[in-house]
Every structure is written in structure tokens, then in C-alpha cells.
Amino acid sequence: MIEKETTQFKPSLKLMDATMLVAGSMIGSGIFIVSADITRNVGSSGWLLVVWLITGFMTLTAALSYGELSAMFPKAGGQYIYLKEAYNPLISFLYGWSFFTVIQTATIAAVGVAFAKFTAYLVPELSEDLVAIDLGFFTISPAQLLAIGIIILLTYINNRGVNGGKMIQTTFTVAKLLSLFGLIAFGLFFLDKGIWKTNWENMWVLGPLSADGNIGSYTTLAAFGAIAAAMVGSIFSSDSWHNVTFIAGEIKNPARNIGLSLALGTIIVTVLYILTNVMYTGVLSLHDIAYADKDRVAVSAANHIFGTAGTIIIALMIMVSTFGCNNGLIMAGARVYYSMAKDGLFFKKVGTLNKNAVPGFGLWIQCIFACLWCISGKYGDLLDMISFVVVMFYMLTIFGIFILRKKRPDAERPYKAFGYPVLPIIYMVMGLAFCILLIIFKPKFTWPGLIITLIGIPIYYLIKGSIARQDLKTKDTVDVSS
């Protein structure tokens, strides 16, 4: 039987669904891990929280700014559409290219492997240290196979319509929000006053924390570089909040609900992240946070709070968290490729909807690429490297608000960016400082990601040239026929 295609998305997601997509896409495995690296860079509890507060402020500011753009262009594609409208098709293609090659697909892979790693706590046979398939030139672990299986399962569910993905997203996001709140509550209840006092005695010391417990010192410029390097982890943990903009065509009253869901979702997660780190400093010494086994800070904290059962509790929490997070990433990502295909910049088939009113072909293309990242084992490195590019595109998009206010002053704006122009300018200054400091102090985090993005330039012109030749061929055929 031939699958029938439809031409329009079905608006079936309410404000609650959109908010859960924002929060659920943000909370993956990062909050359970990255505070270790942050603490190693900054060396004190005060600066640990400052890094999270700066990231939270930037995330919320960006989300509030995106509200204006989402209200102006309430259709599938989100950031890709905003960049095209504010700048030109080349800029939006470079974003879409980076999004497909690394940002979204490698994130899906990383979150899938995180799910598998913590599943191995309960089922050791699924460990990443074991070999399931040995092909001679490389091996595949049971954890990688499980990650691939989860990605395929969630792709299949989302391919059958938005309602299945919506149900998973809302259920799992509510579950992980309640679980995280519970962990925070228990942690603060069993807070160790001695550890708390020690951690906060020298809260504004800023320097690298060594394995022997000594805190070094930075020059002024190096201190800013250390903060920027520390923020790589917190920004990764707070990313993907804008996924809701990609599925605008499936949200009821998008002009209102997208902006509102962005604000609500980012506020909820930012508060949770700050409280989680406060809890860490109340149950673990700074050294134990910085040098937790394999950076699994939450596991160490849970073991302190719950004893030996803590590992199982955290494993279950992260399994729920990463499963729900990946569902949101998979659901939203294919809508960007759909918009690219509609512009003739991706496989034509990706620009069609299946009988369930979802971009099925785009979902499966995304699935294949994410699975390849799972096998490669290099997704983690690339995710760090792409942080520079992610923030760069955020800055470009927010600057697009200024451009569009000038280009289209009379355009309908159901919602205007909160704090304009002050907050958007502050975001761009902070984002620019972050990127410059990474270029200076952590070039390995910048150049590879930038190179991947720039490779998209010749690819864009190759595609445009191909389209132009095809159009010319079609015109010649029509002229001959006439």
C-alpha cells in the first residue's frame, strides 16, 4: 500500500506541551556531569554558581528575544527561518548545515549514549567497555548499540505522528522535573553543615583547582578565559531550548504560545540548575565535585544522600532524563531540514510530510546520521567544538531583531522582545566576549566547529548552481516544446 502524503502540519500542541518540549530538550545528562569541569576551572563555590547564573541569564535573555521572532514567523523551521528573513539564504543554510552535520545529530548521539551508559549501571552487560561487534578496524560496544536502538525507536514513534512524541515528551519531562526537584529537596535536607561552611568560606577565590586540593591563580585575562572555558559545559547543558521554534506549525496559537513556552521553560530549568549546584556544594566538598569519578557529580551526591542506593536512583533519573530529552531533539530537528528542503537546499523528499503529517523522510535521514555519530565515538569532542558556533548563531539571530525592526518597521509583532534593546545588546556583548575568549584560550573549541560551518559555503553554491542549471534545462525544454 502506497503511503499518502499530506501538505500541512496539524496544530495539536498546547502551551503545556510546548513548555515541556523546551524544558525537556534542555535537561539531558549535562547537569549531572559538567559541574565537575566547571569547578576545576574556577575553583570555588561562588564562581561555580556565577557560571551557571551567567549562562541562565544568557539563555533566558535569548529565549525572550526569540519570542518576537517566533511571533513574527510562526511556522516550521524556527531559527533557520529567522536567519533567512533577517539576512539571506546563505546564512540560514550555514546554520542548517551546521545543525544537521553536528549540532542536532551529534547531540542526539551523545544523549543516546548517555542513556546507555547509565543503563549499564543496572545492566552491566550493556557497558561501553565491552565489545559487541568487532570489525577489525573498529569495535562497537553494547552501549553504542543500545543508543542506536533508542534513537531508532524514538524516530519510529515520532514518524507515526506528533501525538505519540507529545505524550512521551510531556510524561518524561514531568517525571524528570519532579525527580530533580526531589533530589534537590533531599540533598538540602541532608545538607552537611561542615562541608557547606568549608565550601563557602572562600567563595570568591578564582583559580584552577588541582587534584591535590590546591587552588592556583589566574592573570586577569586568563581568569576571563577560564570562565569562558567553564561555560562550555553549562551552555551545552542549557542548549536546545529553541527546539520549540522548529515545530511552530504544530503548535496551537503559535504567536502567543511559543514565546510564552520559551520563557516558562527556560525559567524552570535555570532555577533547577542553580538549586542543583547549591545542593552539590552542600553535600560534597569542592574537590569531590571537581574530581568525581568520570565527572559523575550527581552519582557522588546521590551516594552521599541515599547511600549505596544512590547509584541506582541517579541511573534511573538520567535514563528518564535522556530518553525524554532525545525525544524532543528528534521531534524538533527534522522540521529544520523540512524548511531547508522547501527552499531547495536539502533532499527534495525531506520537504514532504507523510500521512501522519510529519516530515518522515527527514526524521529517518536525521536518525541515520545520528546513528553514525554513535558508532564514530567522536560526538563528544565535536559537541564541545561546536559550542562556539552555537553561540555565534544565537548572536546573529538576536541581532536579526534589530535588522528586522529597520527592514520591516510596520510588520505585525504580536510580541516584542522583552527589554529591547538593552537585554539583546547585553546578550550579544556577553556572547561576543565568550567567543573571543574561547578563540584565545581554547582554540580547539573554536576552529574545528568554525571549519565545519564554513565548509557549508562551497556546498551552498554547488547546490544553488545545480538548481540554476536544472531551471535552465527546464526552461530550454519548455522553449523547444513551444
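Remember, it's a predicted structure, so these values are computed and weren't measured experimentally. Basis for what follows: all heavy atoms, side chains included, without hydrogens, waters or symmetry-related copies. In what follows, residues are counted from 1 in the order of the sequence shown.
- Two residues are said to be in side-chain contact when any heavy atoms from C-beta on lie closer than 4.5 Å; Ser127 and Leu130 meet this criterion.
- For Gln144 (side chain) and Cys374 (main-chain N/O), a donor-acceptor pair under 3.5 Å exists by modelled atom type.
- Under the side-chain hydrogen bond (donor to acceptor under 3.5 Å, both in side chains) criterion, Ser12 pairs with no residue, sequence neighbours left out.
- There is no side-chain donor-acceptor pair under 3.5 Å between Ser25 and Ser240.
- The backbone N or O of Thr170 lies less than 3.5 Å from no partner atom in the side chain of Thr173, so there is not a single donor-acceptor pair.
- Counting only distance, with no hydrogens or angles, the side chain of Trp373 and the backbone of Thr101 share a donor-acceptor pair below 3.5 Å.
- Residues passing the side-chain hydrogen bond (donor to acceptor under 3.5 Å, both in side chains) test with Lys84, sequence neighbours excluded: Asp343.
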Show which side-chain atoms of residues 420-429 pair as donor or acceptor with protein atoms under 3.5 Å away, not counting sequence neighbours.
none

Candidate pair Ser237 and Met26, rule side-chain contact (heavy atoms from CB on, under 4.5 Å), full reasoning
CA-CA 7 Å; Ser237 301; Met26 290 176 71; over 6 Å; no

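- Annotation: Phe393 is in aromatic contact with Tyr95 [ring centroid separation under 6.0 Å].
- With sequence neighbours excluded, the residues satisfying salt bridge (Lys or Arg N to Asp or Glu O under 4.0 Å) with Arg40 are Asp37, Asp295.
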What's the verdict on salt bridge (Lys or Arg N to Asp or Glu O under 4.0 Å) for Lys416 and Glu68, showing C-alpha distance, side-chain angles and the deciding distance?
CA-CA 5 Å; Lys416 292 189 177 181; Glu68 175 170 326; over 6 Å; no

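- Taking the six-membered ring where tryptophan is involved, the planes of His242 and Tyr66 are perpendicular, since the angle between them exceeds 60° and thus also 30°.
- Phe346 CZ to Tyr338 OH: the interatomic distance, rounded to the nearest 0.5 Å, is 14.5 Å.
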Considering only distance and modelled atom types, tabulate donor-acceptor pairs under 3.5 Å from the side chains of residues 446-456, sequence neighbours left out.
residue	atom	partner	partner atom	Å
Thr446	OG1	Pro443	O	2.9
Thr453	OG1	Ser98	OG	3.1
Thr453	OG1	Gly449	O	3.0

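- Side chain of Ser70 to main chain of Ile258: no donor-acceptor pair is present (N/O by atom type, distance under 3.5 Å, no hydrogens or angles).
- Other residues, nucleotides and ligands place no more than 12 heavy atoms under 6.0 Å from the CZ atom of Phe418.
- Using a 4.5 Å heavy-atom cutoff, the side chains of Leu60 and Ile267 are in contact.
- A donor atom on one side chain and an acceptor atom on the other are not found under 3.5 Å apart for Thr139 and Asp134.
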Apply side-chain contact (heavy atoms from CB on, under 4.5 Å) to residues Leu262 and Leu64 and explain how you reach the verdict.
CA-CA 7 Å; Leu262 283 168; Leu64 293 174; over 6 Å; no

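- Side chain to side chain, Gln79 and Thr397 meet the donor-acceptor criterion of an N or O pair below 3.5 Å.
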Walk me through whether Glu85 and Arg408 qualify under salt bridge (Lys or Arg N to Asp or Glu O under 4.0 Å).
CA-CA 10 Å; Glu85 296 291 342; Arg408 304 183 189 180; 2.5 Å; yes

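- If you look at Phe99 and Phe246, their ring centroids are closer than 6.0 Å.
- The two atoms that bring Gly112 and Asn326 nearest to each other are N-ND2, 3.3 Å, heavy atoms only.
- To the nearest 0.5 Å, atom CE of residue Met331 and atom CD1 of residue Ile168 are 8.0 Å apart.
- Side chain of Asn257 to backbone of Leu260: no donor-acceptor contact under 3.5 angstrom is found.
- Between the side chain of Asn356 and the backbone N or O of Asn159, at least one donor-acceptor pair lies under 3.5 Å.
- Looking at residues two or more places apart in sequence or on another chain, you find a ring pair (Phe, Tyr, Trp, His ring centres under 6.0 Å) between Tyr291 and His287.
- A distance-only check finds no donor-acceptor pair linking the side chain of Lys166 to the backbone of Asp17 [under 3.5 Å].
- For Phe32, the ring pair (Phe, Tyr, Trp, His ring centres under 6.0 Å) criterion is met by no residue, not counting sequence neighbours.
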Taking it one step at a time, do Phe388 and Val232 satisfy side-chain contact (heavy atoms from CB on, under 4.5 Å)?
CA-CA 8 Å; Phe388 169 84; Val232 168; over 6 Å; no

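- By the ring pair (Phe, Tyr, Trp, His ring centres under 6.0 Å) test, Trp364 is found to be paired with no residue, residues two or more places apart in sequence or in another chain being considered.
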So Phe369 and Phe100, ring pair (Phe, Tyr, Trp, His ring centres under 6.0 Å) or not? Walk me through it.
CA-CA 8 Å; Phe369 218 76; Phe100 175 72; 4.7 Å; yes

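- With sequence neighbours excluded, no residue satisfies salt bridge (Lys or Arg N to Asp or Glu O under 4.0 Å) with Arg160.
- Partners of Gln366 under the side-chain hydrogen bond (donor to acceptor under 3.5 Å, both in side chains) rule, at least two apart in sequence or in another chain, are Tyr337.
- Using a 4.5 Å heavy-atom threshold, the side chains of Leu353 and Val358 count as separate.
- Tyr394 pairs with exactly one of Trp241, Phe434, Phe399 by the ring pair (Phe, Tyr, Trp, His ring centres under 6.0 Å) rule, that one being Trp241.
- Only one option out of Thr39, Leu272, Ile31 pairs with Asn277 in a side chain to side chain contact (heavy atoms under 4.5 Å, CB included); it is Ile31.
- The CD1 atom of Ile401 sits 4.5 Å away from atom CG of Leu69, with the distance rounded to the nearest 0.5 Å.
- The closest donor-acceptor contact from the side chain of Ser321 to the backbone of Ile27 lies under 3.5 Å.
- In this structure, Cys367 SG and Ile330 CD1 are separated by 7.0 Å, a value rounded to the nearest 0.5 Å.
- The salt bridge (Lys or Arg N to Asp or Glu O under 4.0 Å) test applied to Glu250 returns Arg335, not counting sequence neighbours.
- Applying the ring pair (Phe, Tyr, Trp, His ring centres under 6.0 Å) criterion to Trp52, with sequence neighbours excluded, gives Tyr273.
- Side-chain contact between Met340 and Val350: absent, with no pair of heavy atoms (C-beta onward) separated by less than 4.5 Å.
- Within the 3.5 Å criterion, the main-chain N or O of Pro89 finds a donor-acceptor partner in the side chain of Ser92.
- Under the 3.5 Å distance criterion, the side-chain polar atoms of Arg413 are matched with a main-chain donor or acceptor of Ala411.
- Distance CE/Met430 to CE/Met395: 12.0 Å, rounded to 0.5 Å.
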Before you tell me yes or no, could you show the steps for Val131 and Ser141 under side-chain contact (heavy atoms from CB on, under 4.5 Å), namely the whole-Å CA-CA distance, both residues' side-chain angles and the distance that decides it to 0.1 Å?
CA-CA 5 Å; Val131 176; Ser141 71; over 6 Å; no

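- Residues Lys176 and Cys325 form a side-chain contact, since some pair of their non-hydrogen atoms from C-beta on lies under 4.5 Å apart.
- Heavy atoms from other residues, nucleotides or ligands lying under 6.0 Å from OH of Tyr218 number more than 12.
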